[in-house]
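Heavy-atom basis, side chains included; hydrogens, waters and symmetry copies ignored. Nothing here was measured: the structure is a model prediction, and the numbers come from that model. Proteins come first, then strands; the chains are lettered A, B, ... in the order of their sequence lines, and each starts at number 1.
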Number of protein chains: 2
Amino acid sequence: MPLYFQLAQQLEAAIEHGALTPGSLLGNEIELAARLGLSRPTVRQAIQSLVDKGLLVRRRGVGTQVVHSQVKRPLELSSLYDDLEAAGQRPATTVLVNTVVPASAEVAAALGVAEDGDVHRIERLRLAHGEPMAYLVNHLPLGLLDLDTGQLEATGLYRLMRSAGITLHSARQSIGARAATRDEAERLGEEEGAALLTMQRTTFDDTGRAVEFGTHTYRPSRYSFEFQLLVRS
Amino acid sequence: MPLYFQLAQQLEAAIEHGALTPGSLLGNEIELAARLGLSRPTVRQAIQSLVDKGLLVRRRGVGTQVVHSQVKRPLELSSLYDDLEAAGQRPATTVLVNTVVPASAEVAAALGVAEDGDVHRIERLRLAHGEPMAYLVNHLPLGLLDLDTGQLEATGLYRLMRSAGITLHSARQSIGARAATRDEAERLGEEEGAALLTMQRTTFDDTGRAVEFGTHTYRPSRYSFEFQLLVRS
DNA sequence: TCAATCTCTATGTCCGGACAATCTGACTAC
DNA sequence: GTAGTCAGATTGTCCGGACATAGAGATTGA
C-alpha cells in the first residue's frame, strides 16, 4: 500500500474522530514531511487526495485547513442496490423480465449497436422493507455478461458487471420527473398520474464501450437522489 | 500559467479536434517529456488532470489511451442561470420576493443560524424563451451579500456571490419529485397535481459556512438534470 | 498444442532540492 | 489614525533521478 495513501487514510481518520478539528491548520508540509520521515511530494500527494475529497482546503501563504462542513459522500457512480444496502435498507429484487430482444432505435443509439440487433433486456422491481421503490429497465449488449436471474435477484447489476471483469469508467445520466402511466402506477403501488422520479443512464467502460443503458422510475415518496458535490477549481 | 496546465490544454485541444483519436496511445511519458523539454512530473501532472476529467485512461504496462466515449461535462456546482445561458436558452428572471424574514426551523438548521433569526428570502421565477421553467426559493444569511433585485434579475445568484468574494466550495443536494400544489401549478403554468421535479441545495464556502439554502421546483417538461459522472478509483 | 516462464515496456511510487507566487501581519511613514 | 510597504511563512510549480509493479507478448518446456 502506497505511503501517500497510508498517510491520507491516517489524516482522514484523524479528521473523522475529531483529532483534527474543523478549521485547524494542518501544519506546514515541509515540517510535516520531516516529522514523518517522508518527502514533501509524498506528503503533498496525500494532502491533495483529501483536498480532492473536499476534506481539506489549501491556501497559499496560509496553510492547509480542515473544512468545517461535514462532507458526507461525493457523488459517484454507484448502484441503487449498494446504496440501499449501505443505508441498511435491506434491498430485494424481483426480476420481471430477463430476455433477449431486438434493439429499439433509442436503445441502439445509446448502446452503439445496430438497430434491431439483439440485446439483453431485463426488467426488475426493487423493493426496500418489502415495499416497491423503483422499477428498473436495463438493456445490455450481448456477450458481455451472463445474466442469471438468480444472481440478479441476489445482488446489483453493477456488482455483476465488475465481477465479470468489466471496468466501469463513466456514465451519462438524466434525471427528470413525469406522471405515472397506468402500468407504472400499478407496478409501483401508486395512483395513475402520480409524480414519479425518472433516471436514464448510459454506462461506459474504460475502453469507451457502452455497457449498459437503464431507464428507471422511482417512487418519490420512497427515494430521492442525495449527493454532495465539489466546486472544481 | 503553469506549464502542466498549458500542456493539459494542448492535449485536450488535440483530443477535441481529432488530432488524438480515441483509443490511440499517447506515447510513453518519459519520451514525451524529453520531446517537450519538460520533466516527467510535469508531464504526469498534465496527464493526471485529464485522467481526472475522464478524457484519458492510464494502464500500467500498456500506456495512456484516449477514451472512446465522448465526455460532455462532468457534474459540477453550477447555477441554473449559467447552464441555461451556456445552452443558448436566453434565461430571464422575475424576482417575486426579496425580503428579510425570521428563519424557519428548516432554514435555520440548513444555514446554521438561530431559529427566528433574520435571513434573506428571495423567490424568483426563472424563464426560458419566455416560458416559466423553474420556481426558485432561496434563503441566505444576512451580511454576506447585498441582494439587489435589479442584479438578481440580470444574472444568477452564484455569480453574485462569487463577485462578492465568496469562494464556493461544496454543496449538498437532494433531487426528488412531487405533485404540484395549486399555487405551484399556477406559478409555473401547470395543472394542479402535475409532476414537478424538485431540488434542495445547501451551499458551503471554503470556510465551511453555509452561504445559501435553496428549494427549487422545475417543470419536468422543460428541464431535467443532465450530467456525466466518473468512477472514482 | 498448450501452459508456464521470462523479458520488455510503461506507469506507479518516492526522493531531495530549488525558486516563484501569494497571503498575513507587523512596521513605517504621512 | 490610516494607508502603504515590507518581511516572513506557506503552498505552488518544476526539475532530475531511482526503483517497484503490473501488463503483454515472446519464448520455452511439457
Side-chain angles (χ1 to χ4, degrees), chain A residues 1-11 20 23-67 162 164-167 169 205-207 230-233, chain B residues 1-11 20 23-67 162 164-167 169 205-208 231-233:
Chain A
M1 191 157 286
L3 288 177
Y4 76 89
F5 191 76
Q6 295 177 35
L7 175 55
Q9 281 188 320
Q10 288 174 22
L11 290 174
L20 285 173
S24 64
L25 275 307
L26 204 58
N28 72 37
E29 301 170 346
I30 180 143
E31 186 195 322
L32 183 61
R35 206 170 63 227
L36 296 173
L38 299 171
S39 71
R40 184 153 94 108
T42 302
V43 173
R44 276 184 67 79
Q45 197 171 358
I47 292 176
Q48 188 58 45
S49 70
L50 297 183
V51 171
D52 291 340
K53 278 192 177 180
L55 280 84
L56 299 177
V57 179
R58 323 175 82 153
R59 255 185 275 236
R60 187 183 289 194
V62 179
T64 304
Q65 284 179 305
V66 182
V67 296
R162 272 190 251 260
I166 298 172
T167 307
H169 175 259
D205 73 359
D206 58 0
T207 70
L230 304 175
V231 175
R232 60 161 197 148
S233 55
Chain B
M1 194 156 284
L3 289 176
Y4 75 89
F5 191 76
Q6 295 177 34
L7 176 54
Q9 281 188 321
Q10 287 175 22
L11 290 174
L20 286 172
S24 64
L25 274 307
L26 203 56
N28 72 37
E29 301 169 346
I30 183 149
E31 184 195 323
L32 183 60
R35 204 170 63 227
L36 296 172
L38 299 172
S39 69
R40 185 154 92 108
T42 302
V43 173
R44 276 184 67 79
Q45 196 171 357
I47 292 175
Q48 188 59 46
S49 71
L50 296 183
V51 171
D52 292 340
K53 277 193 178 180
L55 292 162
L56 298 177
V57 179
R58 323 176 83 150
R59 255 186 273 239
R60 187 183 288 194
V62 179
T64 305
Q65 283 178 305
V66 182
V67 297
R162 273 190 250 259
I166 298 173
T167 307
H169 175 259
D205 73 358
D206 58 0
T207 70
V231 175
R232 58 161 198 146
S233 54

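Nucleotides of DNA chain D lying under 4.0 Å from heavy atoms of chain B occupy a range whose first and last members, 5' to 3', are D:dT13 to D:dA24.
Remark: C1' of C:dT13 and CD of B:Gln48 are 13 Å apart, rounded to the nearest angstrom. With rounding to whole Å, B:Ile47 atom CD1 is found 13 Å from C:dG12 atom C1'. As a whole-Å value, the separation of B:Glu31 CD from C:dT9 P is 12 Å. Atom P of nucleotide C:dT13 and atom CG of A:Leu7 are separated by 14 Å, given to the nearest angstrom. Across the protein-nucleic acid pair, B:Leu32 atom CG and C:dA10 atom P stand 12 Å apart, rounded to whole Å. In this entry the distance linking CZ of B:Arg58 with C1' of C:dT13 reads 12 Å, nearest Å.
Among the atoms of the strands shown, base atoms are found under 4.0 Å from some heavy atom of B:Pro41. Within the nucleic acid shown, A:Ile30 has no heavy atom closer than 4.0 Å to any nucleic acid atom.
Considering only residues two or more places apart in sequence or on other chains, A:Arg59 meets the salt bridge (Lys or Arg N to Asp or Glu O under 4.0 Å) condition with B:Asp206. Residues passing the side-chain contact (heavy atoms from CB on, under 4.5 Å) test with A:Leu20, sequence neighbours excluded: A:Leu11, A:Ala14, A:Ile15, A:Ser24, A:Leu26, A:Val66. Residues meeting the side-chain contact (heavy atoms from CB on, under 4.5 Å) test with B:Leu25, sequence neighbours left out: B:Gln65. The side-chain hydrogen bond (donor to acceptor under 3.5 Å, both in side chains) test applied to B:Thr42 returns B:Ser39, not counting sequence neighbours. For B:Arg58, the side-chain hydrogen bond (donor to acceptor under 3.5 Å, both in side chains) test picks out B:Glu29, B:Gln48, with sequence neighbours left out.
To the nearest 0.5 angstrom, A:Gln6 atom CD is 11.5 Å from A:Leu36 atom CG. Rounded to the nearest 0.5 angstrom, B:Phe5 CZ and B:Gln10 CD are separated by 11.5 Å.
Between A:Thr42 and B:Gly27, the residue anchored nearer the 5' end of DNA chain C, judged by the nucleotide with its closest heavy atom, is B:Gly27.
Two residues are said to be in side-chain contact when any heavy atoms from C-beta on lie closer than 4.5 Å; A:Leu32 and A:Arg35 meet this criterion. The side-chain heavy atoms of B:Leu7 and B:Leu3, taken from C-beta on, include no pair separated by under 4.5 Å. Between B:Leu56 and B:Val67, every side-chain heavy-atom pair lies at or beyond the 4.5 Å cut-off.
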At under 4.0 Å between heavy atoms, how does the protein contact nucleotides 18-23 of chain C? Give one character per nucleotide, 5' to 3', with B, S or -. B--BBB
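If one axis is set at each end of the helix from C:dT1-D:dA30 to C:dC30-D:dG1 from five pairs, those axes are 10° apart, to 10°.
Scanning both residues, B:Ser49 and B:Ala8, for their nearest heavy atoms gives OG-CB, 3.5 Å.
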